[in-house]
2 protein chains.
Amino acid sequence: MTDHAAEGGFCCADHSGTANAQAILAQAEGQARARGVRLTPVRKRTLEILLQAHGALGAYDVLQRLGAEGYGTQPPVAYRALNFLVEHGLAHRIRRLNAFTACAHPGEEHRAAFLICEGCDSVTEAPARGVSDALALAADAVGFHLERATIEAVGLCAGCKGARA
Amino acid sequence: MTDHAAEGGFCCADHSGTANAQAILAQAEGQARARGVRLTPVRKRTLEILLQAHGALGAYDVLQRLGAEGYGTQPPVAYRALNFLVEHGLAHRIRRLNAFTACAHPGEEHRAAFLICEGCDSVTEAPARGVSDALALAADAVGFHLERATIEAVGLCAGCKGARA
DNA sequence: ACATCTAATGTTATACCATAACAGTCAAGG
DNA sequence: CCTTGACTGTTATGGTATAACATTAGATGT
């Protein structure tokens, strides 16, 4: 289901295994220590895999990569690692894509919206304070106690919008 | 996966097969005629099923009910009807639940947010103009052209919040 | 160092969600 | 009529996710 973006093609966003990924990884390590949870090898590797990926990765994509590196080859291996990352704010689940992506700003405010590009399958994490506040307001208006929210937008990223010359 | 709410128990929201459902159904018929599409028996029945349900229904729940009434018993039967309803604004897909729910306000503005109660599995459609506007703004800030969005909140509805005495 | 306890991993098995592809059917317009 | 296009039905298959249990590795107290 995935991947013209995950192959090797170019892509709109500027993520990839750059210095930024290193910083995020370091941040994740510190955060795990602070919380008293363990960023074990599989979990760390899973996070790295997400960080290196363009767009978002399906659990089975992650699983395949993990398996190829000597980790378990069965679905729970991937799901457990991914769920761990999500629970601790190190990754996000993109429900529309049945996929996961590394959190771009671990440790910070976690009200994020995701901008999913239909052109290149990239997923951008955008700060969503305003959106979240508006949602809280709407929920409050009907007496609903909001715990967490999923905000996902579909459209065209700046790059792909331009490419529609 | 579904249903303590779908059985026969009480529920927070006040939907069900009331007069309101009749009105929505009539509205749907008119809207279909206006658009030049056909609200065939399966489709109409599917909409009725959604309207009668508490919370949201999975495609396979709908399918089972349809099958019991003489319609086809295979997944595409349900998925086609459900997708038709969603495409024409008569139902919504709740991705977090892998489920569908009847639209509470067909024909009107379709920027809606969904409030999913963890207590009773009810799904409430809330107007989301403010949320949607804020999201458009956030998208615009990064040059993203927004086409459509999914906004789903998880928490406790007014009824269940109170019941936590 | 040792016993113990808990958390994490691995594996098997299975359940649930969704769609592709094709065959038959029905309704509307020529 | 009879053709045409939309709709329904069926078969088959693929993708997503979790339950349950066995095993192993880390932390803790003594």
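Letters A, B, ... mirror the listed sequences (proteins, then strands); counts begin at 1. This is a predicted model, so every value here is computed, not measured.
- Between D:dA17 and A:Asn98, a contact under 4.0 Å exists linking OP1 or OP2 to a side-chain N or O.
- For B:Pro127, there are no side-chain contact (heavy atoms from CB on, under 4.5 Å) partners, not counting sequence neighbours.
- A:Arg93 comes within 4.0 angstrom of sugar-phosphate atoms only, judged by non-hydrogen atoms across all strands, and of no base.
- Whole-Å rounding puts the B:Leu82 CG to C:dC17 P distance at 12 Å.
- Rounded to an integer number of Å, the gap from CD of B:Gln64 to C1' of C:dA18 is 17 Å.
- A straight line from CG of B:Asp61 to P of C:dA18 spans 11 Å, rounded to a whole angstrom.
- Side-chain contact between B:Thr124 and B:Cys157 is absent, with no heavy-atom pair separated by less than 4.5 Å.
- Here A:Phe100 pairs with nothing under the ring-ring contact (aromatic ring centres under 6.0 Å, His included) rule; sequence neighbours left out.
- Per the geometry, CG belonging to B:Leu66 stands 17 Å off P belonging to D:dC7, to the nearest Å.
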Could you tabulate the donor-acceptor pairs under 3.5 Å formed by side-chain atoms of residues 129-136 of chain A, not counting sequence neighbours?
from, atom 1, to, atom 2, distance (Å)
A:Ser132, OG, A:Arg111, NH1, 2.6

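- Applying the salt bridge (Lys or Arg N to Asp or Glu O under 4.0 Å) test to pairs two or more places apart or on separate chains, those with a residue in residues 48-59 of chain B are B:Arg45-B:Glu48.
- Side chains of B:His92 and B:Glu125: a donor on one and an acceptor on the other come within 3.5 Å.
- A heavy atom closer than 4.0 Å to some atom of DNA chain D occurs in A:Arg38, these being the qualifying members of residues 30-50 of chain A.
- In this structure, B:Leu63 places its CG atom 14 Å from P of C:dT19, rounding to the nearest Å.
- We find that CG of A:Asn83 is positioned 12 Å from P of C:dT9, with the value rounded to whole Å.
- Rounded to whole Å, the distance from CG on A:Leu97 to C1' on D:dG15 is 14 Å.
- As a whole-Å value, the separation of A:Phe84 CZ from C:dA8 P is 7 Å.
- B:Arg148 meets the salt bridge (charged side-chain N to carboxylate O under 4.0 Å, His left out) test with A:Glu118; sequence neighbours excluded.
- Comparing the local axis fitted to the first five base pairs of the helix from C:dA1-D:dT30 to C:dG30-D:dC1 with the one fitted to its last five gives a bend of 30°, rounded to 10°.
- Of all the residues in residues 70-79 of chain B, B:Pro75, B:Pro76, B:Tyr79 reach under 4.0 Å from DNA chain C with at least one non-hydrogen atom.
- Residues satisfying the salt bridge (charged side-chain N to carboxylate O under 4.0 Å, His left out) criterion with B:Arg95, sequence neighbours excluded, are absent altogether.
- Toward the 5′ end of DNA chain C lies the nearest nucleotide of A:Arg80, the other residue of the pair A:Arg80 and B:Ala59 mapping further downstream.
- Judged as a ring-ring contact (aromatic ring centres under 6.0 Å, His included), and not counting sequence neighbours, A:Phe144 has no contacts.
- For B:Tyr79, there are no ring-ring contact (aromatic ring centres under 6.0 Å, His included) partners, not counting sequence neighbours.
- Scanning for ring-ring contact (aromatic ring centres under 6.0 Å, His included) contacts around B:His88 gives B:Phe84, with sequence neighbours left out.
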